[in-house]
Amino acid sequence: MTAVLGVGLLALIAVSALALVRTDDVTCQTMALSFYGLLLALMFFVFRAPDVALAQITVGAIALPLMVMLAITRMKHREARRRKEKEPS
Amino acid sequence: MKRSHRLWLFAVGALGMGFVYCAGARNLPPWGQYRGPYGDAIAQLAVYERHTTDTVNAVTYDYRGFDTLGEEFILFSAVTGVMLLLRPEKQDSGGKRDEKGGNPASFRDRAALSETVQMFTTAIFGFAVIFGIYMATHGQLTPGGGFQGGVILAAAPMLLYIAENTEAFQRIVSHPLVEFLEGAGAAGYALIGMAALAMGAAFLTNVIPLGTTGDVFSSGTIAAISACVGVEVAAGFTLIIFEYLREILSQKKNEEP
Amino acid sequence: MKFPADYPYFVAAWILLCGLYGIVRSKHLVHMVISLTVVQSSTYVLLLAIGFRRGGYAPVFAGLHTGARVVDPIVQALMLTDVVVETTVVALLLAMVVKAYEKGGTTSPDDLRFLRG
Amino acid sequence: MPSPALLVSVPLIVAALLGALRRLIPRWIADLLAVLTAGGNLGLSCWWLAHALERTEVYWFGGWFPRGRMALGIGFTMDGYGCGLAALAALLTTLALIYSWKHMEGAGGHYHPLMLVFLAAMSGFAVSGDLFNIFVFFELMSTAAFALCGLKTREPAPLAGAFNFAVTNSVAAFLMLTGIALLYSATGALNLAQIGLALAGRHDRLVLAAFVFLTTGFLVKAAEVPFHFWLPDAHAVSPTSVCVLFSGIMVQLGLFGAMRIYATVFQGCFAGTKIPWLFVVTGAVTAVWGAMMCFAEHHLKRLLAFSTISHTGLMTLAFGLWTKAALAGLFVYVVAHGLVKAGLFLCAGILLHRFETMSEPALFGRGRALRGTAPLWFLGGLGLAAAPGFALAVGESHVTDVAPWAEGIFFIAGALTGAAVLRVGFRVFAGLGDAGPVDRAARVDEKPETTDAGWRVNPVQYVPAVVCIGGCIALAFWKGMTQVAGSAAASFMNFRGYAHMVYAGATVIPAAEAHGWLAHGWLAAGLRALAAVAISLWAVLHLRVPRMLRWPSHLEGSMKPVRELQSGHPGDYVAWLTVGCAVLGAAAFWLVL
């Protein structure tokens, strides 16, 4: 059972790793990153590593995408402000 | 270098590197046939010697606790680095000026969420706090530990932000205490190690008497270290989130009439 | 189903190369940072695979007799450190990206080349 | 006996407290505390260095002594080489902190915690005896270094430099971790001695792959060609005090990591093979490449950065010779180079502070007013050329005693890097000749580190530079230095002694002889110094010599295609890193299998 699940999950991870680096749009990529993090966490559960799985869920699937989103938001925000300042009002 | 040249160069390198990797991996023990003695020995010893049931935490916070000390300071210096990089610009000229993110003045978003969602999220906030604390203190018994608990605790204020209770959010995350806790948590870990030195034992030796295996207070310093790590991680992540949001928050405040 | 002998190691090698490929082909700094996390995740797969034992339990003796066969707890502790390292490096790199955007006005590594020659 | 744990824990605790209370602690207290902590580390590591000349000891964290042949916890191995490098790291950090007294006002109190964490990481890295612990300290060192590198956030260039640095070094760290995982799977151990014993005599593809990945990781830190691209980018933009640590010790610690792993884990596997020649060839290529690029640069910090690459190449070459004499020479060379390079960076920092630029043409003739800096700079230039009277020449003479043919590489690297520094000296401090060509790299703007820059040089700022350059000269005439180096090298190479120390707690070290200067070293050193002065004058006064004979100025101006490789694009650097790793792997497989 573990073998079937493990082989399948690893194949899925291998495919999504390639998909993740081939995604050029950064916002889409953040979503994909979250999914990829969840897949990894699932794999940790399957291979009897609950501690790491918990850490991976909290970090890989939540904290990392959150940080990326915050960074993107901040950059967009700065861009909007820059545009607003340029407009003659 | 042109992009195509770079990709070709990489293709050559990747071919060689992949070959080295796979050739080496072919000589590894087959998958699922772990045979190293180190892990087995620790798995046996930890329960008897350290009265922990989660051996991963025994390794993380005791047998290889010195690694974790380094790891906590990796987090500490990264948080310091983020604060350094994203510090507000005005501060560059005169360092002594206070750089607090502004008073948590009252402001609210106009397009509010439905009240149900707000109530619900605020309720989860309480659960998240409790769950985080539980996880940070029960690492020696069940999966989890200071790090995981800390991240959950840091996620709690974010729930407030999502519930658009921005005022409470900012009041929590911009508090100078967060910064203090971050440093204090990191220092606390090292100081627990120093306590052993003061008693004449080696750095990071357990100095608290062990209790019954399976009890929360069973494993001496592991719980204390785990708590320190939890505090540091929670404060550290909160600081990182705040640094990213600082600009957006202060702007929101200014736009409010 | 049997456990294929070298399969997870090859997957780890593949993920490593995927991540490096992502860094090399990247046109956006955030994309580059995410590709770096893919490089990192290859070490997870490798560590997990070498510590796994067929039929082993998770190394948590809460509901387990003490003589049970468990998977290696050491690699799991190493992976925990690895997870923390990943987060911190990403946080730091993203802060650099944000600041570089605010100062240089670009998120493309092709335009952020102030240091040449 | 003071606990070795203090080397790491005290700086970490002070760093955390300074970080926690940064709003409350006045600047001068932070300065004072940081200098005292670094000074304490210096004292402690010197004590352990002195102790290691007679006995090397191992320290087990958490009191987890090995059971039988199995190490349960993490051990620090206090041997001569490691303690010596920890002492050098502490010395340079102390001097850098004194130099930056009251500097970096804009950093909001984050500067000192990062410097102290950096120091703790370097000390731990130097003496750790556990493979994964070495990785942790490698990462800790890197994280602090990334943050320190991007300290000046007002221009985009430092951020680009820090980003390139962070991406390449993180990839290196992950490759290292891959190697660690392979070794752990093969041996079930993380302690260096235990792995070495388990692997002895085995050199199959698995060991080779682990060797390739680990070595690549360390050589990226040591900035060997073709992994070196990040280094000039990171150095050109870092604050002066951080450059001192990067160039003086961090890069050398990267090489030391490769050495430590080789001495403990792989020595038994590759005994009798030609694997060390990989390091000789890499080092020789790097030394010549770095020297040529150094001479072509006109941005002062970048110029010094390339000279670091060149000299680290020489060190790698010496390591690859793998004899006691060469390693003893290497030890002297590392210490002496660290001091000279730190001194030169500090002088560059004073120039930056006074004139707010690092471009050689822009500084032309303006240094005349700085009477104190000029002699230090010229002495530093001669020091880089390993002139007679500098400890670099002592180290070099021990290395070339083993391999006389290496004299040629040392000559090219020393003469060209020395000439580049002297050329800058003649132009900036004496206003000789013309201003020199203006190139793109020289135009990178840089802001000084203080708000009162431009008109006043704090006399305190001279002290560290004087100590550095003076120290390098004094070391050359202290015979005990070669004795320390000899003993450190002997115990470093002796894996049996190392394993005995790990399992029995301590090993007695036989006393080494003091060699001092080797006679043939004088001649080579003198020739090299003469060549450096001649080339630099030739380059500066190139308009007064016939067109046919202007080759130094061609070397100065026409490296365009090669310099294009230094493209500032992290993707390029990672592509080169992959290629380097593949080449290293191919060579290792070819040499052994």
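Numbered from 1 within each chain, the chains take letters A, B, ... in sequence-line order. Side chains included, hydrogens not; waters and symmetry mates left out as well; all remaining heavy atoms used.
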Examine whether an atom of [X] lies under 4.5 Å from a heavy atom of chain D, and if so say whether it belongs to the side chain, the backbone or both; otherwise answer neither.
X: B:Phe180; value: both
X: B:Arg3; value: neither
X: B:Met194; value: side chain
X: B:Ala23; value: both
X: B:Leu9; value: both
X: B:Tyr189; value: neither
X: B:Leu191; value: both
X: B:Leu7; value: neither

Minimal non-hydrogen separation, [X] against [Y], with atom names:
X: D:Leu140; Y: B:Ser77; value: CD1-OG, 4.1 Å
X: B:Gly13; Y: D:Ala582; value: O-CB, 3.5 Å
X: B:Ala202; Y: D:Gly62; value: CB-N, 4.2 Å
X: B:Ile74; Y: D:Thr143; value: CG2-OG1, 3.5 Å
X: B:Gly183; Y: D:Ala16; value: O-CB, 3.4 Å
X: B:Leu85; Y: D:Gly150; value: CD2-O, 3.4 Å

- Query: Most heavy-atom pairs under 4.5 angstrom with chain D, which of B:Leu28, B:Leu204, B:Val12?
  - Reply: B:Leu28
- Task: Among B:Ala190, B:Gly81, B:Gly188, single out the residue with the greatest number of heavy-atom pairs under 4.5 Å to chain D.
- Result: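 Option with the greatest count: B:Ala190.
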- Query: Taking B:Tyr38 for the side chain and D:Tyr184 for the main chain, is one N or O donor matched with an acceptor at less than 3.5 Å?
  - Reply: no
Looking at [options], which has the largest count of heavy-atom pairs under 4.5 Å with chain B?
options: D:Asp204, D:Leu148, D:Val212; answer: D:Asp204
options: D:Phe589, D:Trp576, D:Tyr111; answer: D:Trp576
options: D:Leu21, D:Leu24, D:Leu206, D:Val579; answer: D:Leu206

- How would you list, in number order, the residues of residues 64-72 of chain B that have a heavy atom less than 4.5 Å from chain D? B:Arg64, B:Phe66, B:Asp67, B:Leu69, B:Gly70, B:Glu71
- Query: Taking non-hydrogen atoms and a cut-off under 4.5 angstrom, which of residues 225-239 of chain B neighbour chain D?
  - Reply: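 Contacts with chain D: none.
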- Heavy-atom contacts under 4.5 Å, residues 2-14 of chain D to chain B: D:Ser3, D:Ala5, D:Leu6, D:Val8, D:Ser9, D:Val10, D:Leu12, D:Ile13
- Could you pull out all residues at least two apart from D:Phe213 that satisfy ring-ring contact (aromatic ring centres under 6.0 Å, His included)?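 For D:Phe213, the residues satisfying ring-ring contact (aromatic ring centres under 6.0 Å, His included) (neighbours in sequence not counted) are B:Tyr21.
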